[in-house]
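The block underneath contains the structure these notes are about, expressed in C-alpha cells.
Only this structure's heavy atoms are used, side chains among them; waters, hydrogens and symmetry mates stay out.
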Amino acid sequence: MENQWSLGLHLIFVTTILAANINPCLGAQNTTVACFEHERLALLKFKHSVIDDYDMLSSWIGNDCCRWDKVTCNGVTGNVESLILRGTLSFSLQEFLLGKEVSISLGDLSHLKYLDLSMNDFQGSQIPKFIGSLKQLTYLNLSNAKFSGIIPHHIGNLSSLTTLDLSSFYEKELVADDMIWISGLKSLEHLHLNVVNLSGAKNLDIVLYMIPSLKEVSLSACGISNADLGPLHNSSTSLSNIKHLDLSYNYFKGMIPSLLELRLKNCNINEIYLSHTLHNFSTLPNIHHLDLSSNELRGPIPTFHGKLTKLYLSGNFLNSSIPEPLGKLRLLQVLDLSGNKLTGHIPSFPEKLIELDLSEFLGKLRLLRVIDLSSNELTGPIPTLLGELRSLDVSYNSLEGVVSESHFANLSMLKDLNAASNSKLTFNVSLEWLPPFQLIQIDLSSCKIKNGFPQWLRNQRKLQRLDLSNATISGPLPTWFRKIPIIPFINLSHNNLRGPLINLPSGGTNIDDLRILFLQNNNFNESIPKSLCKRIDLVYIDLSRNRLIGKIPKCFKNLQKLFVLKLSSNVLRGSIPSSIGHISSLGSLSLNDNNFSGELPAVFWNLRLRVLDLGDNAFSGKIPEWMGEKMTSLLVFRLHNNNFTGGIPQSLCTNLELQILDVAHNNLVGTIPHCLGELQGMVINHTLATIGEGTEERMIRVMKGVSLEYANTWSFVTNMNLSSNKLVGDILVELTTLQGLVGLNLSNNHLSGCILDHIGNMTALFSLDLSGNELGGPIPPSILALTFLSHLNLSNNNLSGRIPTGNQLQTLIDPSIYDGNKHLCGAPLPKNCSSHKDPTAKPKKTHEAADEPNKAWYFYLNITCGFTTGFWGVVIVLVLKKQWRHKLFVFAEETMDKIHVAIMVRVNKMKKRREAIQS
C-alpha cells in the first residue's frame with residue numbers, strides 16, 4: 001500500500017514538473033508566477049528605445065511582464081524565456097517597430113531562449129554584440145529587420161542555438177568576412193543567410209562540413225561562385241543530415257554534368273536548391289527535392305537517379321528534347337521544365353496506367369501531380385493525360401492538333417489547365433461530355449475552341465480564374481452561364497461574343513465575388529447593365545471596343561473598390577455622371593472614342609486619378625483650371641480630338657509626374673506655358689506599369705503624323721502632343737530640358753521663330769513633328785545629336801539653308817520631311833546648295849585668303865580712329881573743366897607718393913636681409 005502511495009506521489013510530482021516545463025510557446029501566458037523586476041525594466045527600456053506607431057507594445061503596462069503580449073515566461077521560475085516581436089509587411093497589414101538600434105537592455109534577459117525581431121526597421125544599424133551573451137538561446141530570427149554591416153562573431157557563442165535566420169530582402173546589406181564563428185554553433189539545425197554578402201567570406205566550407213547537426217541550409221543570393229565551393233569535393237566529412245540545401249541565385253557556372261563533384265553517396269538530402277548545379281546525380285540516390293531553376297544551365301537534361309519527388313529545371317538554356325531516362329523517376333510528383341529551349345514532342349501518356357513500358361518516356365510516372373512545360377519550343381499534340389494530374393501548363397509552345405474528351409477521360413484531380421498561346425491547338429470537347437474534375441484555373445487563351453461557348457464549364461463549381469481570350473468563340477453568353485458560381489477573374493476578350501451581359505456568373509456560394517472582368521474586343525451591342533453595380537468587389541472593368549450604347553449607369557458609385565474603368569471605343573453618349581466622382585478608389589478612367597459631349601463637369605475633384613483619357617469625343621468649353629489644381633497625381637492626361645477652346649491651363653504644371661500630355665486636335669489658343677518645362681515626369685523616360693499591371697491596354701496617339709496604336713500594358717513612352725491647335729509664339733527653350741521625351745508633336749499650329757539650338761539635348765526623342773507652322777531660319781546642327789530619331793517632319797515651314805547630314809539624320813531619306821520649305825537645300829532634296837550660302841558650313845580657305853588684305857586694312861583703320869577719339873576727348877575735357885583737372889593732378893601726385901613709399905620699404909627690407917646673411 002505504501003508502495004502504491006509512493007508511486008502515486010512520484011507520478012504527481014513528475015506530472016507537475018512536466019506541466020511546469022511545457023513549451024512556453026503553447027500558452028505559458030496563464031502562469032501565476034510574476035516576472036522579475038530587472039527583466040520588466042529591461043523590457044520597458046527596449047520599449048522606450050523604439051517608435052511603436054502600430055501599438056505592437058501597447059499591452060506593456062503594469063507590474064507583471066509575464067502577462068504582456070509577445071512575452072512568455074517560464075511557468076515555474078518566472079524568467080522571460082520568449083520574446084516574439086515579429087513585424088508584418090503586407091498589402092493588407094503593416095506593423096513594425098522603428099529604432100536606431102536594438103537596446104542593450106535585452107542583454108539582461110539572460111534566460112531568453114526564443115528571440116524574434118524580424119520584419120522590423122533598425123535603420124541600418126549593426127547586429128548587437130550582446131546577443132552573443134544570451135547563452136540559452138535556441139532560436140534567433142533577425143531577418144528582414146534592416147540590419148547592416150559585418151555579422152558579429154559573438155553569435156558563435158550560442159552553443160545551444162538550433163535555428164539562426166539572418167536573411168534579408170535588402171541587397172547584401174549584411175556582410176560576413178569570416179565564417180569561422182559558425183563552428184561554435186554545435187546544435188545548429190536550421191541556417192538561413194539569404195542575401196547576406198558572402199562573396200569575400202573565408203572558411204565558407206565550414207557551413208556545410210563542420211556542423212553535423214545541420215538539416216537545412218539556405219544561402220540564396222549570397223554572391224557565391226564556383227571558387228567558393230572548390231574545396232568541397234576534397235572533404236571527407238559526410239553531409240548525411242542535410243535535407244534542404246539552397247544555393248540559388250548565386251554565380252555558379254557550367255553545364256549540369258560537369259560543374260562540381262560532391263561525395264554525397266551516403267546522404268539523405270530531401271531538398272536541394274542550386275542556382276547552377278551539382279556534378280554527378282547518380283551519386284545522389286536519396287535526394288527527394290531538386291531545384292536548379294532560374295540559372296544559366298546549358299546543354300541537354302542529364303540522367304537523374306534516386307528518389308526524386310520534385311524536379312525543377314525551369315528558367316535555363318537547356319536545348320535538348322525531353323529524355324527517356326526521366327521515366328525512371330517513379331516517385332516524381334512535380335516536373336517543371338518551363339522557360340528553356342526544349343524541342344520535340346511531349347512524350348505520350350499510356351491509357352493503361354498499370355502496365356509500365358520503359359520505352360514510354362513518362363509512362364510509369366503514375367504519381368505525377370504537376371507538369372509545367374511552358375515557354376519552350378515543343379511541337380506536336382498534347383498526349384493523353386494521367387489520372388492523378390492536378391496541374392498542366394503547356395502554354396507558349398507551338399503545339400497543334402485537336403484536344404478532345406479522350407485527353408481528360410482518366411482525370412479526376414485536375415485543378416489547373418493552361419494551354420495559352422498555342423494558336424494551332426483546337427479544343428473540340430463535345431457539348432454532352434462533362435469532365436469529372438473541378439478546375440480552379442483554366443487558361444486556353446489564343447487557342448481555338450469549337451462549338452461555341454464551352455458547355456463543359458457548366459459542371460465547374462470551384463473556378464477562380466477563367467481565361468478564354470482570343471479563342472475564336474462566337475455567339476451569345478448562354479443563360480446557364482449566369483447560374484454557375486461566381487468566378488473572381490474572367491477574361492473573355494478578343495472573341496465574337498454578344499449579349500446579354502446580364503448572363504455573367506452570379507450564382508453559387510464562392511467567397512470571392514467578381515473582381516476582374518475583361519470583355520473588350522467583342523460584339524456586345526446593348527447598354528451597360530445595372531446588375532454590374534451589384535458586384536461591389538469589382539476592381540477592374542474593361543468593356544472597351546464593343547458597341548455599347550446609352551449612358552454610364554449612375555449606380556456605378558456603388559463600386560467603391562473599383563480602380564480601373566475602361567469604356568473606350570463604344571457608342572456611349574451624354575455627359576459623365578457625377579456619380580463617377582464618388583468612386584473614391586478610382587485610379588484610371590478611359591472613356592475615349594465615344595460620343596460624350598458638353599463641358600467637363602467637376603466630378604473629378606474628389607478623385608486621385610493616375611490616368612484620365614477623354615480623347616475622341618465631343619467635349620467643349622475650356623479646359624478648367626481645377627483639372628490641374630485638384631488632380632495632382634496624373635500620369636496620363638489625354639483630351640485628344642475634342643472641341644476645347646481657350647488656352648492650356650497653367651495649373652497642369654502642378655502634375656509634376658505627368659508623363660503623357662495629349663491635347664491635340666482641339667481649338668486651343670495662346671502660347672505654350674513656360675512651366676511645361678518643369679514636368680519632372682518627362683525628364684526621365686518612365687513606364688506606367690503601376691496602372692493595370694499585367695493587363696492589356698491600347699492607346700491611340702498622333703506621334704508620327706499618323707495614328708499609332710500602342711499595346712502591351714500601360715508601359716508607354718513619355719509623350720507630349722499639342723498638335724492641330726491655334727498656338728502661337730516661339731518654341732520654348734524650357735521644353736528642351738525634358739530629356740525623357742520620346743515623342744514631341746507641335747505640328748499644325750502658328751508657332752514662329754527658329755528651331756532651338758538646344759534641340760540636341762532631347763536625346764531620347766524618337767519622333768519629332770514640327771510641321772505646319774511658321775518656323776524660320778536654318779535647321780540647327782545640334783539635331784544630329786538625336787541618335788534615336790526615327791521619325792521627323794519639318795514640312796510646311798519657312799526654314800532655309802543646308803540640311804545637316806550625319807548620324808541618325810542621314811537615315812531619314814524621305815524628301816517629304818522637308819516639303820514646303822522653299823529655301824532649304826541639300827540631300828535628300830533635289831535642290832543643290834552650290835548657289836546658296838550654307839549657314840552650317842565653314843568658309844573655304846581660298847575665300848579666307850582673298851579677304852586677308854581687306855581685313856588687315858579695316859583693323860588698323862579702326863585702331864587709329866579709336867585712339868584719336870579717346871585721346872582728344874580726354875584733353876578737351878581737362879581743358880574745359882578746371883575742377884576735373886585739379887582732381888586729376890592731386891590723384892596723380894598721391895599715387896606717385898604711394899608707389900615711392902612702397903618701393904623704399906621693399907628696398908630697406910632687402911638691405912636688412914643681405915646684411916643678416918653677411919653677418
Side-chain angles (χ1 to χ4, degrees), residues 90-94 515-517 532-533 535-544 552-568 575-592 596 599-615 617 619 622-640 644 648-663 675-676 678-684 686-695 697 699 713-716 718-720 740:
S90 65
F91 293 109
S92 59
L93 178 62
Q94 186 178 66
R515 296 183 178 181
I516 310 293
L517 178 62
L532 274 181
C533 300
R535 306 297 177 78
I536 59 175
D537 286 333
L538 270 169
V539 175
Y540 200 118
I541 302 176
D542 193 343
L543 298 175
S544 58
I552 299 175
K554 295 181 180 180
C555 62
F556 265 29
K557 65 181 180 181
N558 298 331
L559 305 178
Q560 289 301 308
K561 296 181 181 180
L562 192 63
F563 183 64
V564 176
L565 176 60
K566 298 182 181 180
L567 301 175
S568 58
S575 60
I576 301 175
S578 59
S579 58
I580 293 293
H582 296 287
I583 308 176
S584 58
S585 60
L586 197 62
S588 175
L589 178 63
S590 299
L591 304 179
N592 54 294
F596 293 111
E599 295 187 358
L600 290 182
V603 299
F604 307 110
W605 277 32
N606 300 323
L607 301 179
R608 295 185 59 83
L609 288 174
R610 307 288 278 172
V611 174
L612 177 61
D613 190 349
L614 304 178
N617 280 287
F619 291 110
K622 294 183 178 181
I623 302 175
E625 287 285 343
W626 55 258
M627 297 207 74
E629 295 171 352
K630 301 292 183 178
M631 304 169 62
T632 57
S633 301
L634 281 174
L635 299 178
V636 176
F637 184 57
R638 188 171 180 269
L639 302 179
H640 180 97
F644 289 105
I648 300 175
Q650 296 273 348
S651 62
L652 284 180
C653 301
T654 59
N655 291 274
L656 296 180
E657 297 181 20
L658 197 64
Q659 298 170 28
I660 295 179
L661 174 62
D662 187 350
V663 293
C675 63
L676 290 183
E678 301 173 2
L679 298 176
Q680 295 301 310
M682 296 185 181
V683 174
I684 300 176
H686 298 273
T687 60
L688 306 176
T690 55
I691 304 297
E693 182 177 357
T695 61
E697 172 59 29
M699 177 177 282
T713 77
W714 273 105
S715 299
F716 294 126
T718 54
N719 181 46
M720 181 183 292

Heavy-atom check, side chain of Leu607 versus side chain of Leu589, under 4.5 Å: no
For Lys566 and Tyr540 the tightest heavy-atom approach is NZ-OH, 2.7 Å
I need the single residue from Ile580, Ile541, Val539, Asp537 that forms a side-chain contact (heavy atoms from CB on, under 4.5 Å) with Leu562. Which is it? Ile541
How long is the straight-line distance from CD1 of Ile660 back to NE2 of His640, given to the nearest 0.5 Å? 13.0 Å
Please determine whether side-chain contact (heavy atoms from CB on, under 4.5 Å) holds for the pair Phe619 and Leu600, giving the CA-CA distance in whole Å, both sets of side-chain angles, and the decisive distance to 0.1 Å. CA-CA 7 Å; Phe619 291 110; Leu600 290 182; 3.8 Å; yes
Using the rule given for side-chain contact (heavy atoms from CB on, under 4.5 Å), can you reason through Arg610 versus Ser633, listing the C-alpha separation, both sets of side-chain angles and the distance that settles it, and then say yes or no? CA-CA 6 Å; Arg610 307 288 278 172; Ser633 301; 3.6 Å; yes
For the residue pair Lys561 and Ser585, what are the closest heavy atoms and their distance? C-OG, 3.2 Å
Would you give the length of the straight line joining atom CG of Leu679 to atom OG1 of Thr654, rounded to the nearest 0.5 angstrom? 9.5 Å
Interatomic spacing from OG1 in Thr718 to CG in Leu658 - rounded to 0.5 Å: 10.5 Å
What distance do Leu591 atom CG and Leu612 atom CG have between them, rounded to the nearest 0.5 Å? 7.5 Å
Taking every non-hydrogen atom, the tightest pair across Ile583 and Phe556: CD1-O, 3.4 Å
So, taking the atom named CG in Asn558 and the one named CD1 in Ile536, what distance separates them when rounded to the nearest 0.5 Å? 8.5 Å
To check you understand the geometry: which heavy-atom pair defines the closest contact between Cys653 and Leu676, and what is its length? SG-N, 3.6 Å
Knowing that exactly one of Asp613, Leu609, Leu661 qualifies, which makes a side-chain contact (heavy atoms from CB on, under 4.5 Å) with Phe637? Leu661
Atom of Ser651, atom of Glu625 and distance for their closest heavy-atom approach: OG-O, 2.6 Å
Modelled atom types, side-chain donor and acceptor of Asn592 and Ser590, under 3.5 Å: no
Contact summary for Cys675 and Gln650, nearest pair of heavy atoms: SG-OE1, 3.2 Å
How about Ser584 and Gln560: does a side-chain donor come under 3.5 Å of a side-chain acceptor? yes
Nearest 0.5 Å, please: how far is CZ in Phe644 from CD in Glu599? 9.0 Å
